Amino acid sequence: QVQLVESGGGLVQAGDSLRLSCVLSGRTGSDYSMGWFRQVPGEEREFVAAIRRYDASTHYSDSVKGRFTISGDNAKNTVYLQMNSLNPEDTGVYYCAADDANWINVYSARAYEYWGQGTQVTVST
């Protein structure tokens, strides 16, 4: 079974940076598309960033492009989300997600089979 564990969230001030980590464990021998999503209570889960398995391309939502960077360390089965210039609108529970299909719509939460339990990011003014 595939498991994902996020870490790195916390309480920061506007303008600060955080780096989130997501470690994939369990099944071996597969490559994955990896995504980051965030959610505020009462709202739909929002796409943030992803790396697509098919071509290793990176993708970002308009709201974070230029501020956030997604990257991976294949040897450690870990994907990172470097978040710079954080603002209060970035507050939410951040989830990592994975899917081992060759190509998926990385923008859609429904496309991912495996999910972590989330890590809280709170940005204060």
Side-chain angles (χ1 to χ4, degrees):
Q1 298 288 348
V2 172
Q3 292 182 314
L4 301 174
V5 179
E6 305 97 333
S7 63
L11 174 63
V12 298
Q13 298 292 321
D16 285 351
S17 297
L18 281 174
R19 189 180 75 164
L20 306 182
S21 299
C22 175
V23 179
L24 184 151
S25 63
R27 190 169 65 195
T28 60
S30 297
D31 294 323
Y32 298 88
S33 292
M34 300 289 295
W36 285 98
F37 294 77
R38 65 190 181 193
Q39 189 169 28
V40 176
E43 299 183 6
E44 294 185 350
R45 193 162 296 186
E46 176 190 18
F47 170 78
V48 176
I51 301 177
R52 190 168 66 188
R53 173 185 176 181
Y54 178 76
D55 57 1
S57 58
T58 58
H59 307 269
Y60 300 92
S61 68
D62 290 339
S63 64
V64 308
K65 192 174 183 65
R67 299 187 297 120
F68 292 9
T69 302
I70 187 171
S71 62
D73 186 336
N74 290 329
K76 297 182 178 181
N77 294 319
T78 301
V79 65
Y80 304 96
L81 184 68
Q82 178 66 44
M83 305 185 294
N84 298 328
S85 301
L86 286 163
N87 58 64
E89 289 69 38
D90 296 316
T91 293
V93 178
Y94 282 69
Y95 299 89
C96 66
D99 196 275
D100 60 3
N102 187 53
W103 187 93
I104 62 169
N105 177 5
V106 298
Y107 299 96
S108 174
R110 295 180 179 270
Y112 296 84
E113 182 175 1
Y114 308 107
W115 290 85
Q117 292 187 335
T119 184
Q120 176 71 45
V121 173
T122 303
V123 185
S124 300
T125 59

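Here the structure is a predicted model, which is why all the values come from computation and not from measurement. By convention here, the first residue in the shown sequence is residue 1.
Note that CD1 of Ile70 and CD of Gln82 are 12.0 Å apart. Values are rounded to the nearest 0.5 Å. Here the OG atom belonging to Ser57 is positioned 4.0 Å from the CZ atom belonging to Arg52, to the nearest 0.5 angstrom.
The ring of Trp36 has its center no closer than 6.0 angstrom to the ring center of Phe68.
Side-chain heavy atoms closer than 4.5 Å link hydrophobic residues (I, L, V, M, F, W, Y) into clusters, and following such links, even through other members, never connects Tyr32 to Tyr54. Residues Leu81 and Phe47 do not share a hydrophobic cluster, defined by chaining ILVMFWY side chains whose heavy atoms lie under 4.5 Å apart. Leu86 and Val48 end up in the same hydrophobic cluster when Ile, Leu, Val, Met, Phe, Trp and Tyr side chains are linked at under 4.5 Å. Linking ILVMFWY residues whenever their side-chain heavy atoms come closer than 4.5 Å, directly or via other members, places Leu20 and Tyr60 in the same cluster. One hydrophobic cluster holds both Ile51 and Val64 under the rule that ILVMFWY side chains link at heavy-atom gaps under 4.5 Å.
The minimum heavy-atom distance between Ser124 and Leu11, with the atom names listed, is OG-CD1, 3.3 Å. Smallest separation of non-hydrogen atoms from Glu46 and Ser63: OE2-OG, 3.9 Å. The two atoms that bring Thr125 and Pro88 nearest to each other are CG2-CG, 3.4 Å, heavy atoms only.
Shown here is Asn74, whose CG atom has no more than 12 heavy atoms of other residues, nucleotides or ligands within 6.0 Å.
Among pairs with a residue in residues 79-99, none fulfils ring-ring contact (aromatic ring centres under 6.0 Å, His included), at least two apart in sequence or across chains.
A side-chain donor-acceptor contact under 3.5 Å links Tyr112 to the backbone of Val106. Arg38 places no side-chain N or O within 3.5 Å of a backbone atom of Gly92 that could act as its donor or acceptor partner.
In this model, a donor atom of one side chain and an acceptor atom of the other lie less than 3.5 Å apart for Gln120 and Thr122. Judged purely by distance below 3.5 Å, without hydrogens or angles, the side chains of Asn84 and Ser17 pair a donor atom with an acceptor atom.
Salt bridge annotation for Arg67-Asp90: present, with a cationic side-chain nitrogen under 4.0 angstrom from a carboxylate oxygen.
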CA sep, side-chain torsions, deciding dist, call: Leu18, Val121, side chain to side chain contact (heavy atoms under 4.5 Å, CB included): CA-CA 9 Å; Leu18 281 174; Val121 173; 3.9 Å; yes
Full working for side chain to side chain contact (heavy atoms under 4.5 Å, CB included) between Ser33 and Glu113: CA-CA 10 Å; Ser33 292; Glu113 182 175 1; over 6 Å; no
